[in-house]
Structure formats: structure tokens, C-alpha cells
Participant: 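Quick one: the structure is below, and I'll ask about it shortly.
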2 protein chains.
Amino acid sequence: MQDSGQGQRGDWLPPSVRDAGVNRALGPGDFLFRVDTPTAGLFEVIKGRIKLVRIAPSGRETILYTASAGDFVAEASSFSPTYHCDAVATTDSVVRLYPKRSLFAAFRENPEAAQAFMGMLAREVMSLRTRLEQRNIHAARDRVRHYLTLNAGADGRTVILSGTLKDLAGELGLSHEALYRTLADMAADAEIERLDGKIRLKSPDV
Amino acid sequence: MQDSGQGQRGDWLPPSVRDAGVNRALGPGDFLFRVDTPTAGLFEVIKGRIKLVRIAPSGRETILYTASAGDFVAEASSFSPTYHCDAVATTDSVVRLYPKRSLFAAFRENPEAAQAFMGMLAREVMSLRTRLEQRNIHAARDRVRHYLTLNAGADGRTVILSGTLKDLAGELGLSHEALYRTLADMAADAEIERLDGKIRLKSPDV
DNA sequence: CGGCGTTTTGAGAGAGCTCAACATCGGTGG
DNA sequence: CCACCGATGTTGAGCTCTCTCAAAACGCCG
């Protein structure tokens, strides 16, 4: 996140693959792919939301992941002959498919492309682990601190908010009300300063 | 997790790389590596715990990730010239270093090795995303259900517990007491059946 | 038999969630 | 230009649920 968050998420894609991408529009409820069908390649969500779900024998639906604009879907499935879950659009969405063939061709012909892909995945792993670690922090205030210190810019104390606070609340796993309150409290305690679209950590402490 | 959880975590490593691995022991507080120093390669935690931390200018320590036996550390850093955080052992630990050079040599000479590595990373991404999604489920019971349905074995309703329930509680992000209680409630409601080291989901519902 | 860690159960308190009302800010259209 | 509307931002109050602290039963191993 902190690494790949800025700039195009697909920076690492070699032009040959990028050009081979095909867009596809889906309406709410449309399947992007279904379990046990052959895999097509790597999908990038351009717009909307795609949920990956597994249906238990009991009929219960278990959500594996919800992808939003900018996210990739089916990285792992690209290495598998068939899909292991269903992918369904929950809103009007647009996805871009990078066919498996062009992807692997690029990797084979261009080791740097492969390396870039690995690097992207590795950074994604790191980012996800960090977010998971964050969820182990129970106190809202500590969780917000964790986020702010990790996402501070070059000066080490200014965080630029990319989306709305509501979005941030979702990423932090807090209700938006809890986030507002926490931010208000921290500002009241002069721990942070709230600028337009930015949050600045006030003086070091401890 | 459900994919890579079983079997050796390093299955994907080609023998040439595996053989080039070097073990190293650390005591509590020992640094495995420090921020801004040149990267050595990929580490596998054989025993103990390694925490990745970033020290904010304020001196505050932010934990990025805590790796336990079987986990890999510094996947992303392998693609970077220097480390972006510190790695410190929190207990007596043993790690195994797979030098960058042997790793990339293997990737270059053996496309399948590269592909295996990518597949491993991609599965890890998937697993982490799923765990993150799980943390969005607030009710303990629903969270346990999510875990059980996703980790059911071939029959779709039996989950083999790999560690203790306490460990499971940690993975689920619940206190162990909360997990015990939830499991007891679910058993009382005949939603699950508790066998020795296993949990079986009872009849489909809904 | 005597620890030691896991598994259980109990009770209380606190923190965040939910529901609700309201303020604010852009954008839209009359 | 202003009224309207929807989404974001903000604050209030109650409630539920999990966490924490405690204590005890259980199982395993030396």
C-alpha cells in the first residue's frame, strides 16, 4: 500500500502485456468467472467492485476478498488451470483481462518483466501483512497511530489522505464514526493537526 | 494458508537455492538486519520469532509484521538494494538465508523456478487477503464460521486443527476465551461437532 | 505425584458499533 | 441566484460484545 499506493498499480506491467489487455464490463450479479472453469489470466479492476466468493456445500457463501478499482484479481489463479472460487460483480464494473498467454510470454522473454511481477507481488504481501498486523491493535487510537506513522510522507509526519475519511475507516477496520471521534480526540490532545486532505503528526513524544 | 499451510512452506524452492541456504542463530534482541543496509536475500524462519519494525523519527516503534517458524521474511526486500525496516529476533531463533544471488540465478536459468516463486507469492497474497477479509467480520461466531468453512477438508465439513486452540484464537484475532466460548456455543447449538483435534461442521443450514 | 500449559467457565468493564440527528459541502437544475 | 439533494463529515447516546482479570479443571510429561 505505502509502496504501490501511489502511481499506477500496474506500473510493473510490460507494454506488451498491457497492450494485450482486454476490457470487459459487468453489471451487478454478473460472474467474472466461476469455480472449476479454466483460468483466463490476470484481471485488473478498473471500476466497480468484484467479490471473490466460495460457496460451501451447505450453500453458505463465504467472501474471500472484495476487489475495488486498482486491485488485481486472480493472481494466484493464473498459476492454476482452473479457478478455485467464483468472482461476481457487486456493482457496475469494468475489468481488464491480461491473458495468461501474453503474461507468461513476457516473463519468458523478458526476465525483468518476471522480476517486476515478483517484486509487485512481494510488496503486496508485505503491505497485506502490515495491514493484518494493524488489525491486531485493538484500541482505535493506537490503530490510527500505526497507520499514520507508517504512511507518513518524506518528512515523516505528514500523511496525505487519498480518499475520503470513510474509505480510510474501512481500510482501518473501524466504523467511520469511531474514526471521526478518534481523529477529533487526537487533534484535541494536539497529537495531530488536521489540514485539508492531510494529517500531520505533531511533535514526537515519549 | 489453505493452500500453502500443509506441506513444506518452501516446496517451491529449487534444490540449487535450497542448498545454498545458510542457517543463522539469533538471541532475543539480536538484529537480523537493519534499515538502509544492503539486502542479503530471502530469509526463512526455522525457529522462533522475528519482528519487522520501523522506527519513526519520534522514536516510536511500529511493528510491520511478526514472522514465526515457517514464514518467510524480506521477500520484497530481495528486490530492493537496501532494507526498509529493521528485523529483530524476539526469542531464540534460527533463520535460513537464501542469498539473493543464488535466488536470481535460479530464476534466470530456470523459468519454472521463477514461476514457482511467483505462484507462491500469489497464493500468499490470496491467503492474506482472505484473512484480512475475515477480520472485517465482527461477530466472533461469524468469524469462526468463515474460518471453518474455508478450511474444511475434502469432505467440505471437517477441519483439522493444526495447532492448539490458543494458536487458532491468535490467527482469528480473538482472545482464546472468546474462541472457547464461541466453540462451546456452536457445539451446544449443534452447529459443529468437536472431535479430537478436529471440528466437524454439522448439517447445512439456511 | 507435581508442575506447566491448555482448556473452560465466571464476572465486570470498557470500547467500539449501531442507530439517529444534524452540519457541511458540492453539484444540479429550476 | 437560490433551493434542493446526496454524500461526507460530526456529534450524541445506548447497547452489545469482546477483552481483561481470575480461578479452576484437565491433560501431559518428567
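Just so we're on the same page: letters track the sequence lines, and every chain starts at 1. Values reported hereafter were calculated over all heavy atoms of this structure, with side chains retained and with hydrogens, waters and symmetry mates removed.
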Participant: Main chain of A:Leu172, side chain of A:Arg143: is a donor-acceptor contact present, judged purely on distance under 3.5 Å?
Facilitator: yes
Participant: Round to a whole Å and report the spacing from NE2 of B:His138 to C1' of C:dC19.
Facilitator: 15 Å
Participant: Give the rounded distance in Å between these two atoms: NE2 of A:His176 and C1' of D:dT10.
Facilitator: 9 Å
Participant: Picking from C:dT8, D:dT10, D:dC19, which would you name as closest to the side chain of A:Leu165?
Facilitator: D:dT10
Participant: Report the nucleotide, chosen from D:dT11, D:dT10, D:dC21, that has the shortest atom-to-atom distance to any side-chain atom of A:Tyr180.
Facilitator: D:dT10
Participant: Expressed in angstrom and rounded to an integer, what is the separation of B:Asp185 atom CG from C:dG10 atom C1'?
Facilitator: 14 Å
Participant: Round to a whole Å and report the spacing from CG of A:Leu183 to P of D:dT10.
Facilitator: 8 Å
Participant: Let's see if you can work this out: which of C:dT7, D:dT20, D:dG9 has an atom nearest to the side-chain heavy atoms of B:Arg181?
Facilitator: D:dT20
Participant: Would you mind checking if B:Arg129 and A:Asp71 are paired as a salt bridge, meaning a charged N to carboxylate O distance below 4.0 Å?
Facilitator: no
Participant: To the nearest Å, give me how far apart CD1 (A:Ile137) and C1' (C:dA15) are.
Facilitator: 16 Å
Participant: Begin with the C-alpha distance, continue with both residues' side-chain angles, and end with the deciding distance and a verdict on side chain to side chain donor-acceptor pair (under 3.5 Å) for A:Tyr147 and A:Gln134.
Facilitator: CA-CA 8 Å; A:Tyr147 175 83; A:Gln134 174 192 85; over 6 Å; no
Participant: Quick one: label B:Gly173 by what it contacts on the DNA or RNA (base, sugar-phosphate, nothing), any heavy atom closer than 4.0 Å.
Facilitator: sugar-phosphate
Participant: Tell whether A:Arg194 reaches the base of D:dG9 with its side chain through a donor-acceptor pair below 3.5 angstrom.
Facilitator: no
Participant: Between A:Asn136 (CG) and D:dT18 (C1'), how many Å, whole number?
Facilitator: 15 Å
Participant: B:Lys166 has an atom NZ; how far is it from atom C1' of D:dC26, in whole Å?
Facilitator: 14 Å
Participant: Quickly, which of B:Tyr65, B:Trp12, B:Phe43, B:Phe117 forms a ring pair (Phe, Tyr, Trp, His ring centres under 6.0 Å) with B:Phe72? Name it, please.
Facilitator: B:Trp12
Participant: Using whole Å, report how far CG of A:Leu179 lies from C1' of C:dT18.
Facilitator: 16 Å
Participant: Checking the side chain of A:His146 only, and the main-chain atoms of B:Ile63 only, is there a donor and an acceptor separated by less than 3.5 Å?
Facilitator: yes
Participant: Among C:dT7, C:dG10, D:dT11, find the nucleotide with the atom closest to the side chain of A:Glu177.
Facilitator: D:dT11
